[in-house]
Number of protein chains: 2
Amino acid sequence: MEKTRAVTARPSPEAARDIPEATVARLPVYLRALTTLSEQGTSTCSSEELAGAAGVNSAKLRKDLSYLGSYGTRGVGYDVEYLRYQIAREIGVTQDWPVVIVGIGNLGQALANYSGFRSRGFRVVALLDADEARHDEVVAGLEVRPFSDLEQIVSDHAVAIGVIATPAVAAQDVADRMVACGITSILNFAPSVLSVPEQVDVRKVDLSIELQILAYHEQRKTQGAAS
Amino acid sequence: MEKTRAVTARPSPEAARDIPEATVARLPVYLRALTTLSEQGTSTCSSEELAGAAGVNSAKLRKDLSYLGSYGTRGVGYDVEYLRYQIAREIGVTQDWPVVIVGIGNLGQALANYSGFRSRGFRVVALLDADEARHDEVVAGLEVRPFSDLEQIVSDHAVAIGVIATPAVAAQDVADRMVACGITSILNFAPSVLSVPEQVDVRKVDLSIELQILAYHEQRKTQGAAS
DNA sequence: TCGGTTTTGTTCTCGCGTTCACAAGCGCCT
DNA sequence: AGGCGCTTGTGAACGCGAGAACAAAACCGA
Ligand SMILES: NC(=O)c1ccc[n+]([C@@H]2O[C@H](COP(=O)([O-])OP(=O)(O)OC[C@H]3O[C@@H](n4cnc5c(N)ncnc54)[C@H](O)[C@@H]3O)[C@@H](O)[C@H]2O)c1
Ligand SMILES: NC(=O)c1ccc[n+]([C@@H]2O[C@H](COP(=O)([O-])OP(=O)(O)OC[C@H]3O[C@@H](n4cnc5c(N)ncnc54)[C@H](O)[C@@H]3O)[C@@H](O)[C@H]2O)c1
């Protein structure tokens, strides 16, 4: 390993090129748009069409796709099925991802009942809750189990992704336990800042923040009109 | 109106400075961190402490706050209560925002039951659903009403913010109706691209996309380990 | 076989956001 | 009163992402 070849861009054929984070965030959108097109019977589409369906600029779409490789045909466009498979493979949704949900309250139940996960390669293998009163309750065809079963479940199903839907005060504890079990990706719905080891990915979904951002812009609209 | 003075930056004293979008997205996080500090009895904090609590870099925090004004004291730090009020005022959460939720299924019910909205200045004034079987059902103390009541409710309560929690196929129709009623901010949970007039703000929350992003990174971790 | 047409893949430029680093300012202690 | 230490606010450098623009490539029709 002379120099720092692994870090900088390398044209090596088998090595995965590293895809910009902004692009990674859009690939699932393209994937969904392609699925829709496919269901409508479209077999080929141009970057312009696909960009329209995905709600982005066509130049941006082409640049994003170019990070994956050259899967289009100049003068023709992209083969819908082929591109769909390539994106799915790149994201990793061709394989099946086992997921555990911790905190089966209002939100946890909604998540457990959501069919859109399974159809996109995610399989909820267990629902965990600290509240004993909830145990053995059946939600979405799965029994709610005690939080202490986490280790067992993670090891049995090789779970790598955990979802936190507990109150904010419990979130850090739950995250610590998840990390200790070997979970390396966490989707956090609790409004709290999690601290985890560097190799663990955390994504946060915070509904009140979204509303507050809307409120900010809303306020500016009305205040501008008032002046 | 000589030149395009209104569009470019203007140092006018009363005019609201325009705050970068990235900063706006972080202000609610600071707000929450300040609330927590306040509840713990802290009356003063440094940018370093607050940044730690919010999970960001302290330089970034200071720059973000500097867009609002100079609310800190050099050598001392920030007054927690004072800063909290200033941020709340800037975001607009000192006032009360009426909100309607459309689509009272799994997710809509969870949202309706969520107490975190009210405590942050948002008040759910109505729950709407197209399914007649759901009408008159009571969720979170509110009666589920027919979607056709939208106009009436929006005008009665001066609603500016709408939440869409319907299936994807219905989302565009719902959005169109909302816009027609005068709603100018939409939070969309359906996995679909909405097209709305320019002056309407749309924010999208897409849980499967979040999971797919995690899956992408997860895949890279394991594949890196395998090579 | 060859020009024309269409659409991709890529290069280049610009602007935004992040981070470093430091001067200015404030309080405290002597 | 004056110096000292601490913390803010900001100027400047840097890197990433967005978008325009174009050259390269593939198909089509004559
Ligand atoms: N409901 C929503 O629409 C909504 C919206 C935005 C954010 N959130 C956030 O999502 C989280 C869950 O919200 P909710 O409305 O479902 O709350 P909830 O109170 O209905 O459910 C929380 C569940 O977590 C369980 N729990 C508590 N501590 C636990 C622990 N240590 N280990 C395992 N389970 C534990 C509780 O028993 C309960 O069943 C909260 O942090 C909330 O702020 C919810
Ligand atoms: N449940 C989840 O955790 C989850 C997660 C991610 C995304 N989503 C998305 O959120 C949306 C709602 O999910 P859900 O699980 O609550 O679905 P759901 O089927 O349980 O509820 C949808 C509700 O919308 C109502 N509806 C349908 N068409 C309507 C219309 N035109 N006007 C008004 N109401 C209408 C239905 O009657 C139903 O009550 C979906 O788009 C889904 O993809 C849900």
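Here is how names work: the chains are called A, B, and so on, in the same order as the sequence lines, proteins then strands, and each is numbered from 1.
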>> For B:Ala59 and A:Lys60, find the nucleotide of DNA chain D closest to each by heavy atoms; which residue's nucleotide sits nearer the 5' end?
In response: B:Ala59

> Rounded to whole angstroms, how far apart are CD on A:Glu21 and P on C:dT18?
Replying inline: 14 Å

> Could you state the interatomic distance from CD1 (A:Ile186) to NZ (A:Lys204), rounded to the nearest 0.5 Å?
Replying inline: 14.0 Å

>> Under the rule for salt bridge (charged side-chain N to carboxylate O under 4.0 Å, His left out), what residues qualify as partners of A:Arg118, not counting sequence neighbours?
In response: none

>> Any heavy-atom pair between the side chains of A:Ile91 and A:Ile87 that's under 4.5 Å?
In response: yes

> Is any side-chain N of the basic residue among B:Lys221 and A:Asp201 closer than 4.0 Å to the acidic one's carboxylate O?
Replying inline: yes

> Under the ring-ring contact (aromatic ring centres under 6.0 Å, His included) test, which residues partner B:Phe189, sequence neighbours left out?
Replying inline: none

Just the table, please: protein N/O against nucleotides 11-14 of chain C N/O, every pair under 3.5 Å.
unit_1 : atom_1 : unit_2  : atom_2 : d
C:dC12 : N4     : A:Lys63 : NZ     : 3.4

> Which residue, B:Arg89, B:Glu90, B:Arg84, forms the side-chain hydrogen bond (donor to acceptor under 3.5 Å, both in side chains) with B:Gln86?
Replying inline: B:Arg89

>> Can you work out whether A:Asn57 or A:Ala22 has the more 5'-proximal nearest nucleotide on DNA chain D?
In response: A:Ala22

> With B:Tyr85, which residues qualify under ring-ring contact (aromatic ring centres under 6.0 Å, His included), at least two apart?
Replying inline: none

>> Please determine whether a side-chain nitrogen of the Lys or Arg among A:Asp206 and B:Arg32 lies less than 4.0 Å from a carboxylate oxygen of the Asp or Glu.
In response: yes

>> At under 4.0 Å between heavy atoms, how does the protein contact nucleotides 22-30 of chain C? Give one character per nucleotide, 5' to 3', with B, S or -.
In response: --BBBS---

> Got a sec, which residues hit ring-ring contact (aromatic ring centres under 6.0 Å, His included) with A:Phe147, two or more places apart in sequence or on another chain?
Replying inline: none

> Rounded to the Å, how far apart are A:Asp64 CG and C:dT8 P?
Replying inline: 14 Å

> How many angstroms lie between CZ in A:Arg203 and CG in A:Leu194, if you round to the nearest 0.5 Å?
Replying inline: 13.5 Å

> For residues 175-198 of chain A, which residue pairs qualify under side-chain hydrogen bond (donor to acceptor under 3.5 Å, both in side chains), counting only residues two or more places apart or in two chains?
Replying inline: A:Glu151-A:Arg177, A:Gln172-A:Asp176, A:Thr184-B:Glu218, A:Ser185-B:Glu218

> Would you write out the dot-bracket form of DNA chain D, 5' to 3', with Watson-Crick and G-U pairs under 3.5 Å, [ ] for crossing pairs, | for pairs to other strands and . for unpaired bases?
Replying inline: ||||||||||||||||||||||||||||||

>> Under the rule for side-chain hydrogen bond (donor to acceptor under 3.5 Å, both in side chains), what residues qualify as partners of B:Asp64, not counting sequence neighbours?
In response: B:Thr23, B:Arg26, B:Tyr30

> C:dC20 C1' sits how many Å from B:Leu61 CG, rounded?
Replying inline: 16 Å

> Do B:Ile161 and B:Pro98 touch side chain to side chain, with heavy atoms closer than 4.5 Å?
Replying inline: no

>> Using a 4.0 Å cut-off to any heavy atom of chain B, which nucleotides of DNA chain D are the first and last in contact, reading 5' to 3'?
In response: D:dC6 to D:dA12

> Can the ring centres of A:Tyr71 and A:Tyr78 be said to be less than 6.0 Å apart?
Replying inline: no

>> Looking at B:Gln95, I want to see if its CD is surrounded by more than 12 non-hydrogen atoms of other residues, nucleotides or ligands under 6.0 Å.
In response: yes

>> Tell me the interatomic distance from A:Gln86, atom CD, to C:dG9, atom P, rounded to whole angstroms.
In response: 12 Å

>> For DNA chain C, which residues of residues 41-50 of chain A approach it to below 4.0 angstrom with any heavy atom?
In response: A:Ser46, A:Ser47

>> Holding to side-chain hydrogen bond (donor to acceptor under 3.5 Å, both in side chains), I want the full list of residues that pass it with A:Arg74, two or more places apart in sequence or in another chain.
In response: none

